[in-house]
Amino acid sequence: MSSTPKSGRWIRVGSVERLEKRGATITFDIDRSKFLSGFVIKRGERIYAYVNHCPHNGSKLDWVPGELFDESGQYLICATHGAVFEPETGRCVGGPCINQLLIPLQVKLEDQSVYVEVVSSLVLQ
Ligand code: FES
């Protein structure tokens, strides 16, 4: 899979305090017409956002919306075939798409709100 990121528009996806609890996520729509969504997580003091699109076969990672971490809370996991990903890099470290990457999105914080840059020209392959 690859993407063609271009500059997009920033959308507010929620407050940073929603990410304080271990395993917490914020999910959001990128393009409903394409069933394309994303998610935000917090690790330590850093916030990360990815397209909710597994590099193995394009499934959303979560069967239960927002349930994106494995039982250990250390890795993101795809519910379809069990690929696990490093939260900080989006790299698959176990499963059928080993070393492939989740697609990262730009994130910024303003006044305790989390904003993600949504790229309308995102092309998934
Ligand atoms: S679709 Fe994610 S591991 Fe197969």
Side-chain angles (χ1 to χ4, degrees):
M1 178 189 340
S2 65
S3 62
T4 54
K6 301 202 166 129
S7 62
R9 65 189 165 87
W10 290 89
I11 59 168
R12 182 186 184 279
V13 297
S15 67
V16 70
E17 74 181 9
R18 286 179 55 190
L19 297 171
E20 296 300 335
K21 190 175 155 198
R22 183 179 172 88
T25 62
I26 298 173
T27 58
F28 55 93
D29 288 325
I30 295 174
D31 186 337
R32 285 188 184 174
S33 69
K34 297 177 184 169
F35 304 103
L36 196 57
S37 62
F39 63 89
V40 176
I41 58 173
K42 185 170 186 275
R43 301 293 281 185
E45 294 305 309
R46 291 203 55 191
I47 294 175
Y48 304 87
Y50 296 101
V51 178
N52 193 354
H53 181 94
C54 181
H56 179 221
N57 78 0
S59 299
K60 287 187 176 182
L61 274 65
D62 51 341
W63 279 344
V64 176
E67 295 291 327
L68 289 154
F69 282 95
D70 68 359
E71 287 184 0
S72 74
Q74 295 301 307
Y75 296 99
L76 299 165
I77 187 165
C78 178
T80 304
H81 304 115
V84 289
F85 302 87
E86 292 177 327
E88 297 85 358
T89 64
R91 184 172 68 89
C92 178
V93 293
C97 48
I98 192 85
N99 289 325
Q100 292 185 51
L101 298 169
L102 299 174
I103 299 168
L105 298 168
Q106 295 295 312
V107 183
K108 67 180 179 182
L109 279 180
E110 283 183 13
D111 299 327
Q112 297 302 304
S113 290
V114 180
Y115 290 83
V116 175
E117 186 179 30
V118 173
V119 181
S120 60
S121 62
L122 191 67
V123 176
L124 305 175
Q125 297 175 341

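Computed from a prediction, not measured in an experiment: that's the story for all the values here. First listed ligand is number 1; within each ligand, the first listed atom is number 1.
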Which atom of Arg43 lies closest to which atom of Phe69, heavy atoms considered: NH1-CE2, 3.6 Å
Asp111-Ser113 side chain donor-acceptor pair, cut-off 3.5 Å: no
Distance below 2.8 Å from atom 2 (Fe) of ligand 1: protein N/O/S atoms: Cys54 SG, Cys78 SG
Neighbour count above 12 (heavy atom, 6.0 Å) for Glu20 CD: yes
Minimum-distance pair of heavy atoms, taken over all atoms of Leu102 and His53: CD2-O, 3.8 Å
Whether His56 and His81 hold their rings parallel, tilted or perpendicular, with breakpoints at 30° and 60°: perpendicular
Worked verdict on Leu109 versus Val114 for side-chain contact (heavy atoms from CB on, under 4.5 Å): CA-CA 5 Å; Leu109 279 180; Val114 180; 3.7 Å; yes
